[in-house]
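Written below as structure tokens is the structure these notes are about.
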Amino acid sequence: MRTPQADEEATVVDNADTRSLARRSLASVNELVDPRISPAERTPDATLDESYLRQLTDHRHHTDQHHKEEKNEKELEQSASEDTADETIYVEFEDDDPRDPMNFSYGRKWSITITASVFSIITASSSGAYALGFTSMTRDLNATQFQATVGLAMYTLGFALLPLVTTSFSEEFGRQPIYLVTGAGCLLMHMMTALAQNIQTVIVGRFLAGAFGSTASAMVGGTIADIWAPHERGLPMSVFATMVLSGPGVGCVAAGWIEQNSYMEWRWIQWIHVIWLGLFLIAAPICMKETRSGVLLTRLARKMRKQTENHHYRARIEDERASLRTLIYISCTRPIYLLFTEPVVAAFSLWAGFAWGILYVLIESIGPAFRTIHGFNIGQTGTAFTAMIVGCFVGEAIQMYQEKLYAKYQPTKGPEARLYSACLGAVLFPVGMFIYAWCTFPSVPWIGMVIGIFVIMIALFIIYVAVFTYLADCYGIFASSALAGQSLSRNIMGTAFPLFTTQLFAKLTYHWGTTLFGCIAVLMIPIPYVLLWKGPAIRARSKFASQVTHPPAAHK
């Protein structure tokens, strides 16, 4: 029987594809799994390569036999838990292995980051651009303004729900298949919306487009965490955030003039996004590679078991794969579990959720506000969204300074060094809303409202980057699940806010309605300051974050 020391030093030399894989014992393996999985629940060696499709087929067509097999499986698991702890040989990449996503070339990392971020700007653009087509759509489909607004809300509801499944499944099966499948689904749903003959079809199409497109927002943070070290992560995350947050502005600027053209109008707003999604689907297989190291190690471990007929080889992530039932439980509950049990995720989800709700308030209300207060036409209204784009670029400049602060203070502050700009954003957010609120009068030049939008977007950009970079640093390989949890909160608020925005402003006016939102934002100012102060103590009590901060390898 191999000792842990021998396991650490040995390398597999059976095949060129697996030559540099290190063999390790459980005590020294670096790869992490969900802490809710106990050693006794690890997959028995005899059933390690059984496919989930086979398990599902057996469950559906052989129910009676399944109970017997389940009993035998429990016996195998019990036996495995007794003797495989020492016999199991975990495989890992060596430090300089080029197949490890962390060791991808600089060019390959940026190729993956930019391609995934382009998917994000397309789906973000669609969220806002849709609202600029309300006039022609309600006319053509004989729909009400509220029905059209439901289509806006349904898009964000889809963004909220599907990441609970896709992001965690991407951590089990890989990122690239999820990108391709959801990208194709998003394209088809935009086609469905463009061809719709009634508002009900539009609403369903918008919900499904948001569901498939949610991958572009929720999973990119995990992808970036897969390939960039924490000290390198700030710039890629801010590029991603620029794409996401400038997306609604870009979409609205273009959609305003498309809607202004009587030969194009609302259907062409959808067709433009179909074209862009098609280009993404062409580029993705070329520019992107699988980035989930656990998935790559699983494929190599499976090949080694087949070549050597030694079933004791496995990747650490395979310990999560005791059964299809366990996989579904772990994958679908992890984001919600993190949202409700991790104070860091919960606090940032509340803050980012409110900020996201305000973004959709702006998307829905800017058009009516500029038309009623300053007499803008639809094309000019779309151009007012340029303030969102400019605000994102100014936020990017602030983020570059934040990266310098991170490099300086990370050795002593850890992940909390990400939060200096967030403290500024917390203050700027209500300031921007107050500027916007107090400029919503005909006697105040329109530029005042634009300045308010500009300041709000700077703050939104800073908040968004802080959420993604801080959670990615805190939760490591579980980043996609943590981000999916906050995405649920964020997009639920993005769904709800547009549904009452029109009624709120009708009752309170743009002046007092936005002032109310600003006062709520003031109450949330302490969130980044508290995390900057008490973040390490909070993370130390976390089952997930503590694994990332103090991985098993640290205790060798």
Side-chain angles (χ1 to χ4, degrees), residues 52 99-102 104-105 107-127 155 158-191 208-228 233 236-237 239-244 247 273-299 317 327 331-332 334-335 468 472 477-484 487-488 491:
Y52 292 124
R99 294 165 301 176
D100 184 349
M102 280 290 183
F104 284 172
S105 69
R108 172 62 71 178
K109 289 183 178 183
W110 274 112
S111 172
I112 294 169
T113 300
I114 292 173
T115 304
S117 298
V118 166
F119 188 19
S120 300
I121 196 173
I122 295 170
T123 56
S125 168
S126 179
S127 67
Y155 191 82
F159 256 73
L161 298 180
L162 199 67
L164 298 178
V165 177
T166 56
T167 52
S168 292
F169 267 59
S170 77
E171 293 171 352
E172 307 295 337
F173 297 115
R175 315 286 194 199
Q176 194 170 32
I178 304 295
Y179 278 120
L180 294 174
V181 171
T182 56
C186 191
L187 182 150
L188 292 173
M189 294 308 105
H190 276 82
M191 289 182 64
L208 293 175
F212 284 113
S214 63
T215 300
S217 176
M219 205 167 75
V220 179
T223 299
I224 291 173
D226 288 341
I227 59 178
W228 296 97
R233 204 171 285 158
M237 282 288 193
V239 169
F240 162 54
T242 300
M243 297 280 196
V244 172
H273 288 91
V274 169
I275 294 169
W276 281 107
L277 286 165
L279 294 174
F280 165 76
L281 289 174
I282 294 171
I286 301 170
C287 301
M288 301 182 75
K289 290 180 66 175
E290 182 53 57
T291 64
R292 175 72 168 156
S293 62
V295 171
L296 297 173
L297 287 169
T298 297
R299 294 172 184 171
I317 196 174
L327 171 70
S331 294
C332 296
R334 186 188 289 153
F468 273 77
I477 67 164
F478 306 115
S480 282
S481 291
L483 293 171
S487 179
L488 173 65
N491 287 295

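Hydrogens, waters and symmetry mates are skipped; everything else that's a heavy atom, side chains included, is used.
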Side-chain donor-acceptor contact under 3.5 Å, Ser125 with Trp276: no

side-chain hydrogen bond (donor to acceptor under 3.5 Å, both in side chains) between Thr115 and Tyr179: does it pass, once the steps are laid out? CA-CA 10 Å; Thr115 304; Tyr179 278 120; over 6 Å; no

For a side-chain contact (heavy atoms from CB on, under 4.5 Å) check, start with the C-alpha distance between Ile121 and Val244, then their side-chain angles and the critical distance, and finish with the verdict. CA-CA 5 Å; Ile121 196 173; Val244 172; over 6 Å; no

Rounded to the nearest 0.5 angstrom, the CZ-CE distance for Arg175 and Met288 is 10.0 Å

dist Ile122:CD1 -> Leu279:CG (nearest 0.5 Å) comes out at 7.5 Å

Rounded to the nearest 0.5 Å, what separation is found between the CD1 atom of Ile227 and the CG atom of Asp100? 11.5 Å

Restricting to non-hydrogen atoms, name the atom on Cys186 and the atom on Ala209 that form the minimum distance, rounded to 0.1 Å. SG-O, 3.7 Å

Applying salt bridge (charged side-chain N to carboxylate O under 4.0 Å, His left out) to Arg233 and not counting sequence neighbours gives Asp473

Rounded to the nearest 0.5 Å, what separation is found between the OG1 atom of Thr182 and the CG atom of Leu277? 10.0 Å

Minimum heavy-atom distance Thr291-Pro101, with the two atoms named: O-CG, 3.1 Å

Rounded to the nearest 0.5 angstrom, the CG-NE2 distance for Leu187 and His273 is 12.0 Å

Going by ring pair (Phe, Tyr, Trp, His ring centres under 6.0 Å), name the residues that satisfy it together with Phe280, two or more places apart in sequence or in a different chain. Phe119

Shortest non-hydrogen separation from Val220 to Ser117 and the atoms involved: CG1-OG, 4.5 Å

Please check if the side chain of Lys289 supplies one atom and the backbone of Gln176 the other of a donor-acceptor pair under 3.5 Å. no

Do you know which two heavy atoms are closest between Ile224 and Pro236, and how far apart they sit? CD1-O, 3.7 Å

Listed by chain and number, what are the ring pair (Phe, Tyr, Trp, His ring centres under 6.0 Å) partners of Phe240, not counting sequence neighbours? Phe468

Quick one: do Phe104 and Trp228 satisfy side-chain contact (heavy atoms from CB on, under 4.5 Å)? Show the steps, please. CA-CA 9 Å; Phe104 284 172; Trp228 296 97; over 6 Å; no

Rounded to the nearest 0.5 Å, the CD1 atom of Ile275 sits from the NE2 atom of His190 at a distance of 12.0 Å

Provide the closest heavy-atom pair for Thr123 versus Ala216 in the form atom of the first, atom of the second, distance. OG1-CB, 3.4 Å

Taking Arg292 for the side chain and Thr223 for the main chain, is one N or O donor matched with an acceptor at less than 3.5 Å? no

What are the two closest heavy atoms between Ala160 and Asn491, and how far apart are they? CB-CB, 3.5 Å

